[in-house]
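Per chain, numbering begins at 1; letters A, B, ... match sequence-line order.
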Amino acid sequence: MTVTVASGKGGAGKTSVSAALASWLGASCVVADCDVDAANGAIALGAMLRVSEPYFGGPGFSIDPGSCTACGNCLPACRFGALRTPDGSSVPHIIPELCERCGACLDRCSAGAIVMRETEAGRLYVSDTRLGSVLVHAELVPGEDTSGKLVRKVRVRADSLASPGSVIVVDAPPGIGCPVIASLAGSDLVVLVLEAGASGIRDALRLVALLDSMGRIPGTVAVINKTGLDPGSDGLARKVLAEAGIRVAGEIPFDPGLRSVEESGRTWADLPGPAGDRVRSALSEVKAAIDSRPGTAPGRQSEKELT
Amino acid sequence: MKPRPAAVIAVASGKGGTGKTTVAAHLALASSALHATLLVDLDVEAPDSMGYFPGAVPVGTAVPVTVAVPRLDESSCTACGHCASVCRFGAVVAIGSVVTVDAKACKGCGRCVSACPSGALSETEMETGKTSLHRRGRLEILEGRMAIGDIRSVSVIEAAKREEGRLPVVVRIRDCPPGVSCPATHAIDGADFVILVAEPTAFSLHDLDAAVRLVRGRGVPSGVVVNKAGFGDADIEGFCSDRGIPVIGRVEFNASRAASGAAGALWEDDPAFMAEMGRVLSVTLDGRAEREGETR
């Protein structure tokens with residue numbers, strides 16, 4: 001059973017909801033932090049690092065200035081602006097952060113000056129959380145372009161570590177692009193965290209449209225976060241979710257106590273008082289939605305399937 | 001000091017939701033009082049800048065962004081497989097005597113078309129998103145918007161940047177996507193200055209570290225704006241001091257800002273905030289910030 005927590009907008013509360021859900025589900029669950037650009041699951045769950053492995057995203061290209069004859073044939077081949085000739089030089093170089101690694105330049109080079117090189121594009125980690133559960137997370141080297149691939153690695157590793165009947169909680173990145181699609185693919189249930197604000201609602205609707213284009217996963221539920229700031233936005237959030245046919249599992253008010261409880265090394269589920277009660281109520285609704293779904297057994301995910 | 005022609009300021013963050021769009025929109029507003037200014041929304045997966053300017057008037061119609069993807073003429077295809085052997089995205093696959101094109105996976109590099117010896121592959125344009133231009137007083141707003149279900153955000157970002165370069169303005173302010181991978185990299189590329197917006201939380205501090213490494217790696221001057229100051233305990237200023245990156249602005253958290261932020265309303269009538277945006281703008285346009293950072 002894989003549950004993916006996604007939002008469209010950044011900062012909507014995905015990681016906090018994921019951590020609270022992991023705490024609610026107990027030590028048997030596996031958390032997959034798929035926001036590999038900005039991975040905060042380890043902070044939220046107090047991770048103790050157990051495994052650290054290099055991640056290679058596929059070979060990139062560079063130009064060996066010693067072999068380059070400065071013929072310039074490669075320059076028009078690059079459609080991504082990654083091949084540039086620095087001022088005062090006739091030998092081009094490849095800007096790795098802009099290179100899409102297509103290899104078009106390679107085909108045009110008669111001097112054999114363009115070389116493939118595999119560099120470490122990030123790290124894949126497995127950690128034990130303070131809740132007793134396992135966290136799979138990763139860190140992309142800033143500027144690397146293969147975050148969707150690294151998300152797949154995280155998913156596959158989490159799947160291999162989950163025991164039959166346990167739940168994998170996937171914390172998705174913001175947006176609706178490649179790494180988000182990789183986070184959603186093969187999920188049994190989606191928890192949409194909708195920030196009750198104008199931009200939170202717009203971005204959540206783009207995510208709903210993406211889910212529809214992928215064939216919406218039945219049983220998608222929503223958690224409306226940061227309610228009570230703007231009554232108009234709270235009402236609009238409920239309205240658009242009703243129109244989209246998405247059940248609201250709960251509403252979590254904007255409350256500084258939620259931030260404080262995280263700073264003290266716990267999750268939102270541990271906050272005493274009314275705001276914490278709303279969190280726990282939302283989590284038990286999400287848990288009921290999980291329990292009512294015929295989840296797939298772990299071991300189903302393969303890197304190929306997720307591509 | 002007068003800004004250099006066409007100053008490009010990128011507003012980025014690492015973590016999402018720290019206030020990039022809020023800072024970018026109000027910087028643009030502050031700038032438009034002094035200079036012809038363009039706000040460019042490069043957060044093409046979740047474009048929200050226009051949300052601040054509901055009364056802005058469209059200038060022309062939205063322009064489709066396209067990528068040149070291969071089209072196969074099966075009658076000329078000899079199934080030699082050269083196309084599939086050069087494609088690094090799995091967009092052209094040859095199995096036995098059948099060649100299949102998956103246009104949605106194609107990045108548009110054109111390598112398969114060049115590799116085809118029988119002229120069976122040509123290129124056709126596939127839409128990946130749109131750019132649109134709006135005007136509100138002296139401010140122009142250019143929005144890039146990726147199509148739902150597409151994965152080629154970079155194509156839309158680059159198209160918006162080309163459009164940005166064509167418009168005759170003095171100041172260009174880019175609202176960048178979160179994260180530190182390819183979309184963020186393309187969005188900050190070509191900027192004269194990068195403003196990193198952070199909030200005083202452990203999450204934001206962690207992600208700011210990655211964003212600083214990205215920006216430093218690209219060699220672009222940068223400074224940090226601390227948003228929601230007082231909202232959390234994380235020591236953004238201490239981090240910036242350790243790294244020698246200047247803190248160029250500070251926006252205090254308060255309940256009324258949180259409420260109007262949720263409603264998506266501009267904070268034009270918040271004098272302390274607008275004054276701070278004016279200061280941030282002049283620091284970035286003067287380019288003083290990085291020099292101060294280096295001499296600290």
Side-chain angles (χ1 to χ4, degrees), chain A residues 8-12 15 35-40 43-44 58 77 79-81 95 97-98 100-104 107 139-140 142-148 173-181 195-200 202-203 206 209-210 213-214 226 229-230 232-233 254 256 259 262-263 307, chain B residues 13-18 21 43 45-46 48 51 68 86-90 107-111 114-115 146 148-154 158 177-186 189 199 201-203 206-207 210-211 213-214 217-218 231-234 255 258-265:
Chain A
K9 185 178 185 309
T15 301
D35 191 359
V36 299
D37 279 30
N40 293 320
I43 301 171
R79 293 184 175 178
F80 306 107
I95 299 170
E97 294 91 339
L98 299 181
E100 292 275 3
R101 305 170 184 224
C102 68
D107 298 342
E139 191 175 25
L140 193 74
E144 281 290 340
D145 74 335
T146 56
S147 61
I176 58 165
C178 169
V180 176
I181 292 171
E195 179 180 324
S199 55
R202 276 193 301 270
D203 296 346
R206 279 172 67 77
L210 173 67
S213 79
M214 294 172 75
K226 305 188 196 178
L229 285 171
D230 172 48
S233 293
F254 179 81
R259 178 192 42 73
E262 270 183 342
E263 278 172 3
T307 303
Chain B
S13 74
K15 184 180 180 325
T18 57
T21 303
D43 190 359
E45 293 181 35
D48 284 313
V86 296
C87 179
R88 300 188 81 200
F89 309 110
K107 297 265 182 95
C109 70
R111 202 176 168 194
S114 304
M146 188 182 77
I148 304 280
D150 213 290
I151 59 170
R152 290 163 286 201
S153 51
V154 167
E158 287 298 325
V180 294
S181 60
C182 43
T185 311
H186 280 261
D189 187 59
E199 59 186 31
T201 63
F203 291 179
H206 173 266
D207 302 342
R213 283 188 280 148
L214 174 69
R218 303 291 301 122
F231 180 68
D233 294 341
S260 67

Toward chain B, the part of E144(A) with a non-hydrogen atom under 4.5 Å: backbone
By a 4.5 Å heavy-atom criterion (distance strictly below it), what part of D189(B) contacts chain A: side chain, backbone, both, or neither? side chain
Option in G11(A), C102(A), P173(A) with maximal non-hydrogen atom pairs under 4.5 Å from chain B: C102(A)
If you count heavy-atom pairs under 4.5 Å between each of G90(B), A262(B), A211(B) and chain A, which one has the most? A262(B)
Quick check for you: among A210(B), S181(B), G17(B), C182(B), which has the greatest number of heavy-atom pairs under 4.5 Å with chain A? S181(B)
Quick one: which of D150(B), I148(B), V154(B) has the most heavy-atom pairs under 4.5 Å with chain A, could you say? I148(B)
Going by ring-ring contact (aromatic ring centres under 6.0 Å, His included), name the residues that satisfy it together with F80(A), two or more places apart in sequence or in a different chain. none
Pair count under 4.5 Å, heavy atoms only, with chain B: among S199(A), S213(A), A209(A), highest is S199(A)
Atom group of E139(A) that falls short of 4.5 Å from chain B, counting heavy atoms: side chain
Side chains of D203(A) and E195(A): does their closest heavy-atom pair fall under 4.5 Å? no
Do you see a donor-acceptor pair shorter than 3.5 Å between the side chains of D207(B) and N40(A)? yes
Whether R111(B) side chain and G103(A) backbone form a donor-acceptor pair below 3.5 Å: yes
Are the side chain of R79(A) and the backbone N or O of G108(B) linked by a donor-acceptor pair below 3.5 Å? yes
Pick whichever of A12(A), G58(A), A39(A) has the most heavy-atom pairs under 4.5 Å with chain B. A39(A)
Which residues satisfy the side-chain contact (heavy atoms from CB on, under 4.5 Å) test with C87(B), sequence neighbours excluded? F89(B), A91(B), V92(B)
Quick check on the interface: out of P142(A), G10(A), A77(A), who has the most heavy-atom pairs with chain B under 4.5 Å? P142(A)
Heavy-atom distance under 4.5 Å to chain B: side chain of A196(A), backbone, both or neither? backbone
A side-chain contact here means heavy atoms from C-beta on lying under 4.5 Å apart; do T201(B) and E262(A) qualify? no
Selection from L140(A), D107(A), V36(A) maximising heavy-atom pairs under 4.5 Å formed with chain B: D107(A)
For L98(A), which atoms come within 4.5 Å of any heavy atom of chain B: side chain, backbone, both, or neither? both
Side-chain heavy atoms of P256(A) within contact of R259(A), under 4.5 Å: yes
Does any part of the side chain of K107(B), heavy atoms only, come nearer than 4.5 Å to the side chain of R88(B), both counted from C-beta? no
Output for pair (L210(A) CG, M214(A) CE), nearest 0.5 Å, gives 5.5 Å
Top of G261(B), G179(B), G264(B) for chain A proximity - count of heavy-atom pairs under 4.5 angstrom: G179(B)
Under 4.5 Å to a heavy atom of chain A? For S153(B) that would be neither
With only heavy atoms counted, which part of A68(B) is less than 4.5 Å from chain A, the side chain, the backbone, both or neither? both
Could you look at A184(B) and say if it's the side chain, the backbone, both or neither that has a heavy atom under 4.5 Å from chain A? neither
Of all the heavy-atom pairs spanning A202(B) and I43(A), show the shortest one and how long it is. O-CD1, 3.7 Å
Chain B contact via R202(A) - side chain, backbone, both or neither, heavy atoms under 4.5 Å: side chain
Has the side chain of D230(A) got a donor or acceptor atom that lies under 3.5 Å from a matching backbone atom of A259(B)? no
For A44(A), which atoms come within 4.5 Å of any heavy atom of chain B: side chain, backbone, both, or neither? both
Residue selection (most heavy-atom pairs with chain A, distance under 4.5 Å) from R152(B), H186(B), E158(B), E199(B): H186(B)
G232(B), S13(B), A255(B), P178(B): which one forms the most heavy-atom pairs within less than 4.5 Å of chain A? G232(B)
